[in-house]
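Here is the naming used below: chain letters follow the sequence lines, and residue numbers restart at 1 for every chain.
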Amino acid sequence: MKYLRLKKNTDIQKLFKRGKRAYSNALTAVYMPSDELKMAVIVSKKHGKAVKRNRIKRLVRRAFFLTCERAPFACSIALLPKVSEEYSLAAFERSLLSCFKRMK
RNA sequence: CGAGUUGUUCAUACGGUCGCGGGCCGCCGAGAGGCGGCGUGAGGAAAGUCCGAGCAUCACAGGGCAAGGAUGCCUGCUAACGGCAGGAGGAGGCGACUUCAAGGAAAGUGAACAGAAAUACACCGCGGCAGUUUUGCCGUAAGGGUGGAAUGGCGAGGUAAGAGCUCACCGUCGCCCCGGUAACGGGGCGAGCCAAUUAAACCCCAUCCGAUGCAAGAUUGGGAUAAGGGCUGCGUUAAAUCGCGGGGCUGCCCGUCCGCUUUUAUCCGUUAAUAUCGCUUUAGCUUGCCGGCGACGGCAAGCAUAGAUAGAUGACCGUACACGACAGAACUCGGCUUACAGAUCAAUCUCGGGUC
RNA sequence: GGCCUUGUGGUCAAGCGGUUAAGACGGAGCCCUCUCAAGGCUCAAUCCCGGGUUCGAUUCCCGGCAAGGUCA
């Protein structure tokens, strides 16, 4: 299933002001209903240096790509991974699914 | 065979499925774009942002002096450099070789505490004279003590005791000769030590440097009219016309340049930034030959090799083995520095042992 | 991405190359008090880390690390 990237700074600002949050053990999702499915990954410098941050973003994007058809409704969504020692695709997939369950 | 030294190259590989950025081609579409195909897509450090350039802007981007900053053995290389190469000197290693922020202390200033004293003023001591219970004056840097550093070191002579006071050797300084482009090296003669150390303390000398950085900046982002404000003030004039002043060129002098910016209202116009360009073809890379000890230069042939803009290289599976380190382009080059699992090849390289 | 700044007890901080590293707030212990407060005394620092210069470095030089600011 196709999804769009959430790019504009103003949209992200809006999302953080008005959006609701869904938590799981590997990441936090901030979401807000919209007409299309839009996604952004937010990784801060706390996660490590550039190589590490890129890897986290790729894993989260891939996990979202594999699971996004099970999203309950069209929305703008920002994903904030939590800081940890190890990151894996399977953990992000599980966390995303549990987030989708909690989104109402 | 073992132990080293210096340098070179590489930085998991291959296959399958799904997915991403850019390009080209074809088809569809009014267009935005969509679909399909082909090919392409991170590093030796892309990092730190420590130097040097290109490029761009700053109204012009000039000279002198001052201030500030940087560099500091010599000769080369280079677009340039604080880089590199070769050499000189100090230090280390048996050696191959490594390493060093390395101009000037005879222009001046400063250097805690301790110590008698820090470039010089005698505490103890040693000795002479006076006195003789204590001590006073003079000479003395050999010894003690203080200190990071104490009148160049050591031996001999010498002396009342001592002292470059004298002599040999070493060190230092000056002059001459020879070798070298030079730093410097070698030799000779002289000086009897005057001039300790410290300049990553101030400082002096030589050379170099305008500032800001692609978030620079350019293009479009409107045009016309009217009114007002700000910088740029005063006098004068029909007039920014002229004079003085003012502003910019880091401070001063000379010289030179200077009309710009903004607000409001009305009419016409509007996708207007998250746009487009800058943005990847170059001091480019590879190979061969020639010159040079080398850094590098010359010639010839061939090649085109990321260009994103919330920011593209990944995930999963399989196979192989050395079980994969440090790490992700953001305008571009030349260096430096720092991080790093390993593998690899080279040197008529070095040392030790064995055999012929 | 570019350009800067700062690292000193728990916190805020001063510091001419030679200090027992000044203070203030807070903390701990003791004294004082019938008890508490106030007051007094005492204690606690790898001067961010690693090299270098120097007789001697928190301070000077070089290289790292961390934190913060700023530019559309």
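- The base-pairing partner of B:rC14, taking Watson-Crick or G-U wobble contacts with both distances under 3.5 Å, is B:rG318.
- Glycosidic conformation of B:rA42 is syn; the angle stays within 90° of 0.
- The partner of B:rA168 is absent, by the rule that a Watson-Crick or G-U pair needs both atom distances under 3.5 Å.
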Return the polar atom pairs (N/O with N/O) between nucleotides 327-331 of chain B and the protein under 3.5 Å, or none.
from    : atom 1 : to      : atom 2 : distance (Å)
B:rG328 : OP2    : A:Ala50 : N      : 3.4
B:rG328 : OP2    : A:Val51 : N      : 3.4
B:rG328 : N7     : A:Asn54 : ND2    : 3.1
B:rG328 : O6     : A:Arg58 : NH1    : 3.0

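- Residues forming a ring pair (Phe, Tyr, Trp, His ring centres under 6.0 Å) with A:Phe64 (at least two apart in sequence, or on another chain): A:Tyr3.
- The interatomic distance linking A:Leu59 (CG) with B:rG19 (C1') rounds to 13 Å, in whole Å.
- As rounded to whole Å, 16 Å separates atom C1' of B:rC20 from atom CZ of A:Phe64.
- Annotation: side chain of A:Pro81 is in contact with side chain of A:His47 (closest heavy-atom distance under 4.5 Å).
- Taking atom P on both B:rU313 and B:rG328, the two are 16 Å apart, rounded to the nearest angstrom.
- Atom CG of A:Leu96 and atom P of B:rA315 are 17 Å apart (whole Å).
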Output a table of nitrogen or oxygen pairs between the protein and nucleotides 43-45 of chain B separated by less than 3.5 Å.
none

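- The nucleotide B:rA106 finds no pairing partner, because no Watson-Crick or G-U wobble arrangement with both distances shorter than 3.5 Å includes it.
- Base orientation of B:rU332: anti (glycosidic angle beyond 90° from 0).
- Using P as the reference atom, B:rA59 and B:rC73 are 41 Å apart when rounded to the nearest Å.
- Separation of atoms CG (A:Asn25) and SG (A:Cys99) is listed at 9.0 Å; rounding is to 0.5 Å.
- When the side-chain contact (heavy atoms from CB on, under 4.5 Å) test is applied to A:Arg21, the partners found at least two apart in sequence or on another chain are A:Phe16, A:Tyr23, A:Val30.
- Residue-level contact check: A:Arg61 touches the backbone only, with heavy atoms under 4.0 Å from sugar-phosphate atoms and none from bases.
- Base pairing of B:rA343 is made with B:rU9, judged by Watson-Crick or G-U wobble geometry with both donor-acceptor distances under 3.5 Å.
- Across all strands shown, nothing is found opposite B:rA272 as a Watson-Crick or G-U wobble partner with both distances under 3.5 Å.
- Searching all strands for a Watson-Crick or G-U wobble partner of B:rA308 with both distances below 3.5 Å returns nothing.
- Taking atom CG of A:Leu66 as the reference point, atom C1' of B:rG314 lies 12 Å away to the nearest angstrom.
- Base orientation at B:rU134 is syn, since its O4'-C1' glycosidic dihedral falls within 90° of 0.
- Between B:rG48 and C:rC3, the distance separating the two P atoms is 11 Å to the nearest Å.
- Looking at residues two or more places apart in sequence or on another chain, you find no side-chain contact (heavy atoms from CB on, under 4.5 Å) involving A:Lys49.
- Pair assignment for B:rA206: B:rU71, on the basis of Watson-Crick or G-U wobble contacts that are both within less than 3.5 Å.
- Under the 90° criterion around 0 for the glycosidic angle, B:rG136 counts as anti.
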What donor-acceptor contacts under 3.5 angstrom involve side-chain atoms of residues 87-94 of chain A, with partners at least two apart or in another chain?
from    : atom 1 : to      : atom 2 : distance (Å)
A:Tyr87 : OH     : A:Ser84 : N      : 3.2
A:Tyr87 : OH     : A:Ser84 : O      : 3.2
A:Ser88 : OG     : A:Ala91 : N      : 3.4

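- Nucleotides of RNA chain B nearest to A:Leu89 and A:Ile42 differ in position, and the one nearer the 5' end is that of A:Ile42.
- If you take atom C1' in B:rC202 and the same atom in B:rG110, they sit 8 Å apart, rounded to whole Å.
- The nearest whole Å value for the distance from the CD atom in A:Glu93 to the P atom in B:rC18 is 17 Å.
- When rounded to the nearest whole Å, the span between CZ of A:Arg62 and P of B:rG19 equals 8 Å.
- Base orientation of B:rG164: syn, the glycosidic angle falling within 90° of 0.
- In this structure, A:Ile77 and A:Ala29 approach most closely via the heavy-atom pair CD1-CB, 4.0 Å.
- The CG atom of A:Leu96 lies 8.5 Å from the CE atom of A:Met39; values are rounded to the nearest 0.5 Å.
- In this structure, B:rC77 forms a base pair with B:rG83, meeting either the Watson-Crick or the G-U wobble geometry with both donor-acceptor distances under 3.5 Å.
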